[in-house]
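Letters A, B, ... are given to chains in the order of the sequence lines, protein chains preceding strands, and every chain is numbered from 1.
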Number of protein chains: 2
Amino acid sequence: MNWVTGLQPQPIRRPGRATIEDVAAAAGVSVATVSRAIRGLPNVANSTRERVQRVAAELSYRADPAASRLATGRSQAIGVAVPVLNGWYFSNVVAGVEAVCTEAGYDTVVLGISSAEQRTRLIHDTDGIHRRIDGLVFVDVSYSEDELTGLADRHLHVVTIGVRSSVFPSVGIDDVEVGRLATDHLIELGHRRIAVLTGLAEDPLTFPVPLRRLEGYGIAHRDAGLAVDPALEVVGNFSVAGGYEAVNELLALDDPPTAIFAMSDEMAFGAIQLARERRIDVPRDLSIVGVDDHELSVMVDLTTIHQDVEDHGARAARMLLDGLSIDRPAPTRLEDPVHLVVRGTTGPPRAT
Amino acid sequence: MNWVTGLQPQPIRRPGRATIEDVAAAAGVSVATVSRAIRGLPNVANSTRERVQRVAAELSYRADPAASRLATGRSQAIGVAVPVLNGWYFSNVVAGVEAVCTEAGYDTVVLGISSAEQRTRLIHDTDGIHRRIDGLVFVDVSYSEDELTGLADRHLHVVTIGVRSSVFPSVGIDDVEVGRLATDHLIELGHRRIAVLTGLAEDPLTFPVPLRRLEGYGIAHRDAGLAVDPALEVVGNFSVAGGYEAVNELLALDDPPTAIFAMSDEMAFGAIQLARERRIDVPRDLSIVGVDDHELSVMVDLTTIHQDVEDHGARAARMLLDGLSIDRPAPTRLEDPVHLVVRGTTGPPRAT
DNA sequence: CTGAAAGCGCTAACAT
DNA sequence: ATGTTAGCGCTTTCAG
């Protein structure tokens with residue numbers, strides 16, 4: 001009730017912000033009808049629908065997202081959780097996700113998961129995340145199956161990129177094959193001491209992709225009757241600087257490698273840089289193969305394994321959006337083929 | 001009404017989702033007190049606040065963001081609008097923004113503004129954006145002052161990165177100085193025919209940064225008593241491929257340049273690549289200077305102009321968040337100093 | 001096909 | 001210091 005009769009009877013309201021009631025009034029129908037008409041629900045006479053839509057357009061009416069979220073329980077937004085936002089791989093994934101989401105009328109909220117603490121908060125809902133988004137795509141941020149099951153139980157829709165999951169759909173590549181492909185290439189060229197630049201030195205659980213690639217690396221060795229030397233496995237953190245440092249270490253070895261399998265092009269770039277500074281001839285004295293087919297690899301003539309990362313993001317988003325209507329989508333796996341792109345940084349070792 | 005008496009009498013409610021009423025009941029207080037206690041508002045006895053917070057924690061209660069958004073009108077989310085999401089510059093900006101926002105408890109929603117249509121939709125509220133976010137940072141997506149004023153009138157808080165604005169705060173660098181610095185460096189080395197790789201060939205309004213840098217390029221020439229040759233201004237679209245193509249064109253000229261000022265490192269990378277393929281000696285036959293100080297520039301030994309992009313994003317976010325409480329923040333300009341980093345891709349021209 | 005009304009969960013007066 | 005209650009703007013039975 002308004003006690004101060006006649007004084008500012010209407011609440012302070014931003015001008016131009018038409019509500020559903022305004023539209024209803026202007027169209028001479030009830031708010032329920034407006035809601036139906038606008039969202040394309042059935043049981044609305046065509047003439048009515050038309051009129052309502054016209055009026056809504058005139059008033060440039062848009063349903064308040066918060067209000068409809070409150071009423072429906074859906075936020076029309078999805079989240080994309082990535083360890084780091086800059087960095088070639090992740091920004092491409094995000095780009096793919098965003099494109100699809102925007103197209104579908106969903107907002108894309110980015111969630112940086114750089115620390116273990118952020119990772120925990122996210123999964124344990126300390127963060128209240130699943131009130132803010134309808135679904136989540138995890139990009140190479142990995143959780144135990146138990147944790148994921150927990151999410152599923154709370155009705156959060158998830159798609160993972162990179163790591164595969166037994167509880168949620170996922171898209172990625174065959175990382176074992178990646179490791180095998182790269183290593184095989186090197187072995188075929190005649191290399192016997194092949195170093196590998198891997199990811200973070202953390203709990204394997206948090207990032208299994210390097211492990212899979214390492215597995216492929218191992219398989220290639222085994223198949224060729226070669227033994228792997230643990231000393232040749234160095235952490236490069238998937239960064240240029242990390243790759244640089246890693247190779248620096250490797251070259252200090254008594255018996256340094258003749259070839260390097262870098263699990264990302266960025267690490268390979270770092271490796272190349274160090275080689276240049278040290279005046280090491282690539283590929284004569286050191287062969288280098290990367291993974292990603294970064295747009296700059298062609299520039300440095302890097303042999304690498306191609307994958308279409310932006311497409312991974314797009315496909316993941318599509319899967320997620322499609323799955324939103326189903327209560328528990330099957331944990332399908334979408335696996336993109338990968339292939340080796342041979343360029344100039346790999347060749348036979350000098351002393352073959 | 002539930003017709004099947006006795007069956008599932010309570011509404012379908014996700015388990016574990018405590019509401020403010022649950023907390024109130026459990027703590028033996030009213031919902032208003034819970035609200036106050038949890039948000040740290042005054043007028044709550046310490047003992048009460050403690051108890052409420054404890055109970056809330058036990059029930060792992062979190063205010064439903066949609067509900068509070070509806071009640072308060074604030075969404076606790078900010079948007080960051082970028083032309084493209086992959087690409088070194090933009091992903092770094094977004095990373096900076098996200099870090100600050102997350103820290104402050106705000107969600108970061110990314111908005112790709114690749115098409116003119118998306119640009120229009122966003123600004124004209126066809127998108128309903130300002131119901132979804134409290135503030136917006138525009139990253140090198142430029143609008144007329146009129147359009148921006150329109151946004152301000154609708155109480156949308158904005159900070160721009162790159163382009164400066166007379167209506168909203170902005171952070172960036174002195175782009176005229178960037179152009180001058182790069183060009184001067186080349187002129188001092190003795191170059192007289194200096195090409196410039198610019199941005200999009202679109203409406204200047206949509207992207208003034210290249211224009212400012214071009215201005216600096218012009219000033220440097222004028223100060224040195226040199227004339228600029230329009231034929232040496234080529235569009236490179238700020239991409240590696242664009243830079244490659246642009247230089248390809250330049251070299252076809254009757255009187256090709258001896259030096260190139262690329263407005264981004266990525267274009268410079270493309271230029272370097274082409275030079276390599278053509279066996280053009282850099283810097284002997286072609287000097288190249290970029291802008292950004294991309295982490296890979298050191299790798300290709302690129303002379304460039306350094307700027308801290310991630311920091312731009314962080315500062316913009318901070319300004320935006322700080323300004324949220326003020327009705328119309330002053331259009332301050334935060335300008336980061338830039339400096340030339342001389343590396344190996346620039347040197348005196350052969351025929352000095 | 002359309003309307004009335006009861007929420008959705010929270011905040012913010014206003015009372016006490 | 002705490003409680004009551006009226007919205008916020010929309011969706012969704014349920015009635016008609």
| request: Pick base, sugar-phosphate or nothing for A:Arg74, based on heavy-atom distances below 4.0 Å to the nucleic acid. | output: nothing

| query | Just how far, in rounded Å, is P of D:dT11 from CG of A:Asp64? | reply | 10 Å

| message | For a quick test of reading the model, state the closest non-hydrogen atom pair linking A:Arg74 to A:Asp134 and the distance between them. | response | CA-OD1, 3.4 Å

| Proximity to DNA chain C (any heavy atom under 4.0 Å), residues of residues 32-44 of chain A only | A:Ala32, A:Thr33, A:Arg36, A:Asn43, A:Val44

| query | Under 4.0 Å: is that the gap between some side-chain N or O of B:Ser30 and OP1 or OP2 of D:dG3? | reply | yes

| message | What is the separation between atom CD1 on B:Ile20 and atom C1' on D:dT4, rounded to the nearest whole Å? | response | 14 Å

| A:Thr149 and A:Glu145 side chains, donor-acceptor separation under 3.5 Å | no

| task | Using atom CD of A:Gln76 as one end and atom P of D:dG9 as the other, report the distance to the nearest whole Å. | result | 19 Å

| field | Integer-rounded Å distance: C:dT11 P and B:Leu70 CG | value | 11 Å

| query | CG of B:Leu59 versus P of C:dC10: gap in Å, rounded? | reply | 12 Å

| query | Within a strict 4.5 Å, meaning less than it, do heavy atoms of the A:Val82 and A:Val141 side chains meet? | reply | no

| remark: Whole-Å distance, A:Arg49 CZ to C:dT2 C1', equals 13 Å

| Between the side chains of B:Glu98 and B:Thr108, does any donor sit under 3.5 Å from an acceptor? | no

| said: Suppose we screen for side chain to side chain contact (heavy atoms under 4.5 Å, CB included). Which residues come up paired with B:Glu310, at least two apart in sequence or across chains? | reply: A:Asn86, B:Asn92, B:Ala95, B:Asp308

| said: I want to verify a distance call: between D:dT2, D:dC10, D:dT11, whose nearest atom is closest to the B:Thr48 side chain? | reply: D:dT2

| task | Write down the distance between CZ (B:Arg69) and P (D:dG7), rounded to a whole number of angstrom. | result | 19 Å

| Please give, in whole Å, the distance from C:dC8 P to B:Arg17 CZ? | 15 Å

| request: Show the numbers, then the answer: is there a side chain to side chain donor-acceptor pair (under 3.5 Å) between A:Arg39 and A:Ser35? | output: CA-CA 6 Å; A:Arg39 289 182 304 154; A:Ser35 183; 3.2 Å; yes

| task | Could you tell me whether A:Arg17 and A:Asp22 have a side-chain N and a carboxylate O separated by less than 4.0 Å? | result | no

| task | Please determine, for the side chain of A:Val29, which listed nucleotide (C:dG3, C:dT2, C:dT11) has the closest atom? | result | C:dG3

| field | Residue whose closest nucleotide on DNA chain D lies nearer the 5' end, B:Thr72 versus B:Asn46 | value | B:Asn46

